[in-house]
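This report concerns only the one structure given below.
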Protein chains: 2
Amino acid sequence: MSVNPAPRAYQIVLQAIEEDLRTEKLSVGDQLPGERALAEQHGISRASVRDAIRILDVMGIIKTSTGSGPNSGAVIVSNPSAGISQALRLHLAAKGINVREIVESRILLETWAAQMNPRDPIHAQQVIDRTAVLIMRMDDAQLSRESFHRIDAEFHVLLASMAGNSVVESMMESLRNSISDYVAVSIPDDEAWQPVVKVLRRQHKAIHHAFATGQRERAAQLLEEHITWFYSQTH
Amino acid sequence: MSVNPAPRAYQIVLQAIEEDLRTEKLSVGDQLPGERALAEQHGISRASVRDAIRILDVMGIIKTSTGSGPNSGAVIVSNPSAGISQALRLHLAAKGINVREIVESRILLETWAAQMNPRDPIHAQQVIDRTAVLIMRMDDAQLSRESFHRIDAEFHVLLASMAGNSVVESMMESLRNSISDYVAVSIPDDEAWQPVVKVLRRQHKAIHHAFATGQRERAAQLLEEHITWFYSQTH
DNA sequence: TCGCATAGTATGGTCAGACCACACCTGAAA
DNA sequence: TTTCAGGTGTGGTCTGACCATACTATGCGA
């Protein structure tokens, strides 16, 4: 039985970058040193540096692009939902978690966010205005189903953002992302989809109205019914 | 402006494995084909295969080890909290999220889990018995602070598991993991730690008693006070 | 002097091939 | 039958190379 967890070479770089982030020697918008430079700095190969870079990439810490100049290479971004989405998605595929748990969690987070006293009333009002626009766009009969789902997701994430908790917001978005494929295949034909979308539009408007008139308890209740109803259609 | 997201070679393998997981051609305990075999199967280099393997590794889908035989190579496991923890931890370092949001989320998840009607009463009773053991172990005056934190974390995760939602359980564990370093440095000296640990022990016992006597509302309230109080000590 | 095409340069993405330490498997020797 | 030395396949790491890309600098022509 080996006690040594065999330290990986890429962790040298990973820990160094994490420390630089913590001490704000690196922050959003900054460029990371090139892979070849990092390899030389830490005395490891470029291949191992790339392992660390890849992890930061899928976790949504950086984005990478080729070429030279200020916008090339590895740039710090901040997209917390990217990594969480990927993790949930893979574990959903691996049967480590199931759809029931994801839906349950989504209801938990969204109803909590709805009932929270907004941390920033100005932002809350902006959310109400912007969601109104999204509702109008979802009324477009020409809208493709794919576009509808995208705007629908934006609608829910925006509402959740009112609570002013980016962890909850990211988890919400991740839960939504992780089952988007599942939703897409469960109602395959357009004929079954048309009546569903009509109900969704009505529900969205009711939810928005509750928010706009400050009925947060009612908004939470409508959200729960909305989510529960939608997933009952996908079985 | 490039419209092509430039498909990465490693995604070929990643998608293939995800599909095999979804269709249960691969499940927990199975061995993945060797890296050299995967490279040849998909017509890409071993380096690109390793990118995919590395992602599955940090996401907690597989564990890798050297050597040959049935327990070597890449084996499917299921550790959803690994990937989420890593993501939260990095984004906490990158200032994409902050401690307040994590604590708030933790309270949300734990109080929800406490108030849920347990899906499995037998498991719930086992949790109550096992947490009693953990409480006794935390009473040991000789216990190192590190060990205390580990058992403490186990205590909370176990209670959250009563709700029977592995997404919530994983997120709980991840939130706890992501700030463990932060906690460790915020109360550095043992003299400040001793009075804190006394209060924690008392709170744990009260929480356990509330669970054991079926007072779930009260347990949730005590949990919220417990978490809030503890983090108020770390400022 | 100004404008613009062109060569130069640095970037990440990919590949090929090599060597290592490790864990197991096999078969010969005791 | 037991023991142990070699064989074999695994992931981990390294080196060095080539590619497409995107910015930068050069220098030519007007």
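Chain naming here is simple, since letters A, B, ... match the order of the sequence lines and numbering starts at 1 in each. Bear in mind that the values here come from a model prediction, so they are computed numbers and not experimental data.
Distance B/Leu38 CG to D/dG9 C1': 14 Å, rounded to the nearest Å. In this structure, the CD atom of A/Glu40 is 11 Å from the P atom of D/dT15, given to the nearest Å. The CG atom of A/Leu14 sits 16 Å away from the C1' atom of D/dG12 (whole-angstrom rounding). Taking atom CD1 of residue B/Ile12 and atom P of nucleotide C/dG13, one finds them 15 Å apart after rounding to whole Å.
The side chain of B/Arg8 lies closest to C/dT14 when the candidates are C/dT14, D/dT10, D/dG11.
Residues meeting the side chain to side chain contact (heavy atoms under 4.5 Å, CB included) test with B/Asn71, sequence neighbours left out: none. The side chain to side chain contact (heavy atoms under 4.5 Å, CB included) test applied to B/Val58 returns A/Tyr10, A/Ile55, A/Met59, not counting sequence neighbours. By the salt bridge (charged side-chain N to carboxylate O under 4.0 Å, His left out) test, A/Arg100 pairs with A/Glu104, sequence neighbours left out. Shown here are the ring-ring contact (aromatic ring centres under 6.0 Å, His included) partners of A/Phe155, two or more places apart in sequence or in another chain: A/His204. Shown here are the side chain to side chain donor-acceptor pair (under 3.5 Å) partners of A/Glu169, two or more places apart in sequence or in another chain: there are none.
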Show me the protein contacts with nucleotides 4-8 of chain C, counting only N or O atoms at under 3.5 Å.
none

Distances under 3.5 Å between nitrogen or oxygen atoms of protein and nucleotides 16-19 of chain D:
residue, atom, partner, partner atom, Å
D/dA17, N6, A/Arg46, NH1, 3.3

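Within the structure, every pair that satisfies the side-chain hydrogen bond (donor to acceptor under 3.5 Å, both in side chains) test and touches residues 13-24 of chain A, not counting sequence neighbours, is listed here: A/Glu18-A/Arg22, A/Glu18-B/Arg89. Within the structure, ring pair (Phe, Tyr, Trp, His ring centres under 6.0 Å) contacts touching residues 128-150 of chain B (residues at least two apart or in different chains) are B/Phe148-B/Trp193, B/His149-B/Trp193. Under the salt bridge (charged side-chain N to carboxylate O under 4.0 Å, His left out) criterion, the residue pairs touching residues 150-166 of chain A are A/Asp152-A/Arg176, with sequence neighbours excluded. Here salt bridge (charged side-chain N to carboxylate O under 4.0 Å, His left out) pairs that include residues 46-56 of chain A, with residues two or more places apart or in two chains, are A/Glu35-A/Arg46, A/Glu35-A/Arg50, A/Asp51-B/Arg54, A/Arg54-A/Asp57, A/Arg54-B/Asp51.
Across residues 48-66 of chain B, B/Ser48, B/Thr66 each have a non-hydrogen atom less than 4.0 Å from an atom of DNA chain C (numbered order).
Counting any heavy atom pair closer than 4.0 Å across all strands shown, B/Gly69 reaches sugar-phosphate atoms only and no base atom.
For the pair B/Gly73 and A/Gly43, nearest-nucleotide mapping onto DNA chain D gives the more 5' position to B/Gly73. For the pair B/Glu35 and A/Gly67, both in contact range of DNA chain D, the more 5′-proximal nearest nucleotide belongs to B/Glu35.
Side-chain contact of A/Ser81 with A/Asn79: a donor-acceptor pair under 3.5 Å is present, judged by distance alone.
By the 6.0 Å contact criterion, CD on A/Glu40 is open, its count of non-hydrogen atoms from other residues, nucleotides or ligands being 12 or less.
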